[in-house]
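Read through the structure below, which is laid out as structure tokens, and then see the notes.
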There are 2 protein chains.
Amino acid sequence: MKVTIVEVAKAANVSVATVSRVINGNYPVKEETKQKVLKIIQELEYTPNIQARDLIKQQSSTVGVVVPSINNMFFPSVVDGIEKYFDSTQYSLFLCTTNHDKDKEIARINELIARNVAGIIVIDPNLENCKSKFYDNISKSTPVVFVNGYNTSSNISSVSNDETSGARMVIEYLFENSHRDILFIRGEKSYSYDVKEKVYRDVMSEINNLHEEYIINIGYGNSIETVNKTTEECVKILDSNKKISAVFACNDLMGIGIINACKKLNKKIPEDLSVIGYDNIELSEIVEPHLTTVDQNMFLLGENAATLLIEKIENGNKYSKKIILNNELIIRNT
Amino acid sequence: MKVTIVEVAKAANVSVATVSRVINGNYPVKEETKQKVLKIIQELEYTPNIQARDLIKQQSSTVGVVVPSINNMFFPSVVDGIEKYFDSTQYSLFLCTTNHDKDKEIARINELIARNVAGIIVIDPNLENCKSKFYDNISKSTPVVFVNGYNTSSNISSVSNDETSGARMVIEYLFENSHRDILFIRGEKSYSYDVKEKVYRDVMSEINNLHEEYIINIGYGNSIETVNKTTEECVKILDSNKKISAVFACNDLMGIGIINACKKLNKKIPEDLSVIGYDNIELSEIVEPHLTTVDQNMFLLGENAATLLIEKIENGNKYSKKIILNNELIIRNT
DNA sequence: GTGAAAGCGCTAACAG
DNA sequence: CTGTTAGCGCTTTCAC
């Protein structure tokens with residue numbers, strides 16, 4: 001068994017209260033006693049039990065982070081940002097993955113609450129869950145922050161990229177380069193895709209060139225398999241539809257899938273087909289040709305989410321904030 | 001404040017013990033009382049406080065996972081394996097990153113212990129820490145499992161790939177294809193690199209063709225920047241040393257770096273240069289040309305680590321085990 | 001300055 | 001079957 005405060009107290013011939021005081025340094029203790037206790041603590045290799053401390057103090061020093069999947073290049077960067085921020089605090093992170101499953105997401109959140117976390121950051125929350133009352137309810141008692149989520153609740157803070165303007169940037173850039181027949185590739189069950197599709201539809205309608213068959217939903221969109229799934233799906237489409245001169249991929253993984261599709265079809269990029277991705281994951285700079293994309297600055301997304309959560313925890317979950325980060329078109333070779 | 005068991009008891013007009021019994025189902029409760037309590041629990045949205053439960057039960061339902069970094073394709077896969085396994089248990093994961101920093105690793109481990117975790121999995125533990133008495137000491141009181149770590153302690157379980165045979169496979173395959181001048185790329189501070197370098201040295205010595213200048217250490221090796229770092233470093237080397245006909249890269253990121261270096265030098269792969277990586281991260285199948293590599297089966301690595309930890313927790317940290325997974329050469333196009 | 005004692009939310013004997 | 005009670009490891013009044 002691990003050594004407890006009682007054993008330290010005994011060994012030092014003082015009361016547990018005194019030991020507690022030297023550990024926390026919140027009440028005066030005679031220097032001599034203090035040194036004695038400190039020495040014993042060292043000798044016995046005593047570490048205070050944080051669980052017990054949290055319990056009595058009626059506080060929590062853990063926060064939960066919920067993420068659809070960790071096996072891609074996008075979410076880990078966001079988590080990195082969150083981690084770096086909490087590094088300098090007394091909080092530790094419970095990381096949970098949902099595997100893009102709506103019910104698992106709910107289960108995970110409930111687990112976190114049972115573990116009495118001080119707050120929860122949800123990255124890319126499931127759209128249905130957002131629309132149901134689930135999060136509304138949770139957020140009454142536990143501080144919640146969304147990253148890139150659909151958020152109508154007044155008691156949830158959120159940080160997201162301005163995907164509307166990002167998507168607009170993409171399409172306008174394509175227009176400037178005289179593209180009119182633009183394939184749109186999206187995934188499912190995330191608000192991000194909906195936002196971008198809306199922009200796409202609006203803008204294409206404006207120029208009277210909206211074709212339903214140009215809008216492709218390839219299913220789950222943020223795992224590494226997305227690349228090959230996109231390639232397979234789009235080889236057919238690009239091969240049969242010669243009018244398409246550009247592709248707007250909702251994320252870089254899909255963008256890379258398109259690049260690979262072009263290799264299969266012997267299409268030259270960007271001569272035969274222009275490709276623009278979204279996110280600017282590190283991979284986009286490593287593939288050949290380097291992918292043109294929109295920078296989401298994932299790390300910053302994470303950092304801001306962490307800041308918002310701390311704020312919410314400290315203000316007693318009373319008010320919320322929405323942060324919208326701007327993004328930037330990174331023009332590379334596609 | 002969250003609702004506690006006392007309030008449920010009051011509302012249901014029973015004692016807290018009874019409420020506890022219906023929650024845990026470990027003692028008989030009259031069906032009628034049970035239903036009444038269950039109903040109240042629902043109404044009040046009561047969730048038991050796991051921290052308090054762990055405290056009284058003198059147990060812990062959390063485990064710690066320590067990983068150098070989450071921002072690459074290797075570690076997340078291992079973590080995925082670990083997560084999937086713990087999914088079906090009552091354990092939750094504390095995930096910590098060390099950013100490849102030896103002292104941070106120690107700090108993180110101490111934090112986990114203060115949080116009273118049931119056990120700790122360390123992925124790619126820092127070599128110096130392994131050689132110091134740090135882990136020896138920790139593992140006396142807390143179950144510890146290493147993934148791909150240097151492990152001499154009798155009280156630490158570990159799972160690793162048979163990197164010796166893996167490395168040998170690589171070099172022998174290169175020999176079979178008549179390569180004799182093989183560049184060896186490694187990183188620092190991980191046992192994995194040492195193992196592979198030893199094999200490389202041994203085998204090259206056997207054929208009397210060991211050149212110190214063929215052994216390149218490019219520093220931290222498992223972040224995405226590794227790709228470009230390798231490219232930069234190796235463009236010079238490959239350009240100035242025309243005898244080199246093959247490269248053995250200690251991981252796939254470095255392998256991809258070599259591929260990109262060849263593009264810069266207009267070298268054809270595999271005609272002008274053969275490249276073999278290590279790990280078989282998902283990326284290796286997505287880059288062009290597809291990278292020949294050794295499959296580490298990261299997911300399995302994680303799963304096995306989780307199994308070992310559970311075993312150790314259940315046997316009271318009394319005995320340990322080492323698992324060595326075989327690996328397989330994946331011959332692709334480089 | 002320091003100790004005794006109460007209590008955080010929960011479980012597990014022990015009685016009844 | 002059910003209630004009473006002690007106590008997990010810790011912090012924090014309240015006396016002295």
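Between H100(B) and F75(B), the ring planes are tilted. Angles from 30° to 60° get that label.
Residues satisfying the side chain to side chain donor-acceptor pair (under 3.5 Å) criterion with N161(A), sequence neighbours excluded, are absent altogether. Remark: S139(A) engages no residue in a side chain to side chain donor-acceptor pair (under 3.5 Å) (not counting sequence neighbours). Under the side chain to side chain contact (heavy atoms under 4.5 Å, CB included) criterion, E32(B) pairs with K30(B), not counting sequence neighbours. Applying the salt bridge (charged side-chain N to carboxylate O under 4.0 Å, His left out) rule to E303(A) yields no partners; only residues at least two apart in sequence or on another chain are considered. Residues satisfying the side chain to side chain donor-acceptor pair (under 3.5 Å) criterion with K36(B), sequence neighbours excluded, are absent altogether. In this view, K321(B) and E311(B) satisfy the salt bridge (charged side-chain N to carboxylate O under 4.0 Å, His left out) rule, not counting sequence neighbours. The side chain to side chain donor-acceptor pair (under 3.5 Å) check on N297(A) picks up nothing, with sequence neighbours excluded. Under the salt bridge (charged side-chain N to carboxylate O under 4.0 Å, His left out) criterion, K133(A) pairs with D136(A), not counting sequence neighbours.
The 5' end of DNA chain C is approached more closely, in terms of each residue's nearest nucleotide, by V16(A) than by the other of V19(B) and V16(A).
Contact check of residues 40-56 of chain A against DNA chain C (heavy atom, cut-off under 4.0 Å) returns L55(A), I56(A). Of the residues in residues 29-39 of chain A, none lies under 4.0 Å from DNA chain D by heavy-atom distance.
Remark: the S60(B) side chain and the R115(B) side chain contain no N/O donor-acceptor pair separated by less than 3.5 Å.
At dT11(C), none of the side-chain N or O atoms of Y27(B) fall inside 4.0 Å of OP1 or OP2 (strictly under the cut-off). Between S20(A) and the phosphate of dC10(D), there is no side-chain N or O to OP1/OP2 separation shorter than 4.0 Å. Taking side-chain N and O atoms only, N24(A) has a distance below 4.0 Å to OP1 or OP2 of dT11(D).
Set against dC8(D), dA12(C), dC10(C), the side chain of N26(B) has dA12(C) as its closest nucleotide.
Enclosure of atom NZ in K39(B) is not indicated, since only 12 or fewer non-hydrogen atoms of other residues, nucleotides or ligands lie within 6.0 angstrom.
If one axis is set at each end of the helix from dG1(C)-dC16(D) to dG16(C)-dC1(D) from five pairs, those axes are 50° apart, to 10°.
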Name the pairs: protein N/O against N/O of nucleotides 14-16 of chain C, kept only if under 3.5 Å.
none

